[in-house]
Amino acid sequence: MFDYDPSKCQDEFLKPAFKKLNLDSEVQEILQTPQREIKVEIPIRLHNGKIRRFEGFRVQHNDFCGPFKGGMRYHPSVDMKHCRALAFLMTWKTALFHLPFGGAKGGICCDLKHLNTYEKEILSKNFINKIFPLIGPDIDIPAPDVGTGETEMAWYFDAYAKHNGYMPSVVTGKPLNLGGVDGRTEATGRGVHFATLLAAKAHGFDINNLKITIQGFGNVGSHAALYLHQAGAQIIAVSDADGGIYNPEGLDIPTLFNEMQPNKDAKVNDSNIKHEYISHEEFFELKTDVLIPAALEAAIHSENVERLNVKMIVEAANIPVTNNADNYLKDKNIPVIPDIFANAGGVCASYLEWSGNHQRYSWPKDKVFNFIEDAFKDTWRKITEVSEAEQISYRDASYLVAIERVAKALYQRGFY
Ligand code: NAD
């Protein structure tokens, strides 16, 4: 996929911090290498009687600061390389926010369009049946990601309970009725909105005159759009896998949001709101203040970065900007608010769900949102302090803070 190699991408992002921290080369290797990689075969009988085998993955990158933590993705692109890069990112995200977690990622390589609910349940539960000894409330805690949500998390929780008894903290992003936390569904988009407001303020943008484009209108993109619209910004374009919709006066986001919510397969271009259809290429060429990629990795790469007409990028998706594109944006002084900061709202809410499950307590939604807001303000303050003091980008500053914490934990825990 263009200039994106998931295994190399992350190594490049780490280099400036490793240099500044003057870390021993063996320690660098330890921090770059996943502690465990799991691949399982999951054969299931489909509804039509045919047998099909799927591959499931879980990469446990690092647990020096707490149990492995990260999402499970159901998508045809899921493989070990992608899980490795995404697990790696989780380690730095949780460390940046000082959450008591490490980093992991996993998923199943599958095309959800070809599976019914019954097949998805069997697939999900069989996956957990294969990996249950290697996950647990204080070992590794899965969560939703692309293609998964509270339904799959409920199935994981149930499959794990069959082996180990009632342990809701084994997985986050569960339905409220099963120990989920109120606000988890909205949390990542809520955090993207806080990140955008903080960065916009730091760069002197007025939120009421801010034009925003959002690639991806799934869980994260749609909630970020709704909160930013409520904050006063104009969302002039959004897109999904089939293309984009545009209105230079600002899209009617609340109506679009309500139209899309009940039907996961709905396309933004089918909406009744006033809009014109645009292609993926046209979407990226629009003049906008803030571009928020909220779909998949490598959306902005060496072949489209020069055509962007933006003042700032807020990374709602994981790794949406490749290294080459990132270097180009650095040269052009276009600030990039990095994924490990911007999309951490979900893992902040997951922390409250997990710690609440341990105590059999459920946090109310306003407290969840207050916690996320405070976490974003504190972390942004730290990032901007380091960025200014060291004269480095927000991404490099974020990695510096995160790596320093994980490396310190490694030395404190020792090598025996
Ligand atoms: P989702 O499956 O709900 O939505 C993904 C959206 O991206 C859909 O609207 C889909 O149509 C769109 N899309 C796919 N390919 C596209 C393309 N080429 N162009 C435009 N749109 C495209 O997933 P999500 O949970 O919203 O996750 C989105 C991103 O955010 C992922 O990178 C994920 O890893 C990251 N993330 C999610 C969470 C979370 O809590 N869900 C937390 C942190 C990070």
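The structure displayed is predicted, hence computed values, not measured ones. One-based numbering, in listed order, for ligands and for the atoms of each.
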His280: which residues meet the ring-ring contact (aromatic ring centres under 6.0 Å, His included) condition with it, sequence neighbours left out?
none

Kindly say whether Asn116 contributes a backbone atom to a donor-acceptor pair with the side chain of Glu119 at under 3.5 angstrom?
yes

Contacts satisfying side chain to side chain donor-acceptor pair (under 3.5 Å) that involve residues 215-241 (not counting sequence neighbours) are Lys211-Gln234

Write out the protein residues near ligand 1, meaning a non-hydrogen atom under 4.0 Å from one of its atoms, in order of chain and number.
Arg73, Asp145, Val146, Gly147, Arg184, Thr188, Gln215, Gly216, Phe217, Gly218, Asn219, Val220, Ser239, Asp240, Ala241, His280, Ala294, Ala295, Ala316, Ala317, Asn318, Asn343

Taking NZ, NE, NH1 and NH2 as the nitrogens, is one of them in Arg307 or Glu281 under 4.0 Å from a carboxylate oxygen of the other?
no

Give, for atom CG of Leu176 and atom CG of Asp182, the distance between the pair rounded to the nearest 0.5 Å.
4.5 Å

Name all residues meeting the ring-ring contact (aromatic ring centres under 6.0 Å, His included) criterion together with Tyr351; count only those two or more places apart in sequence or in a different chain, and write none if there are none.
Phe371

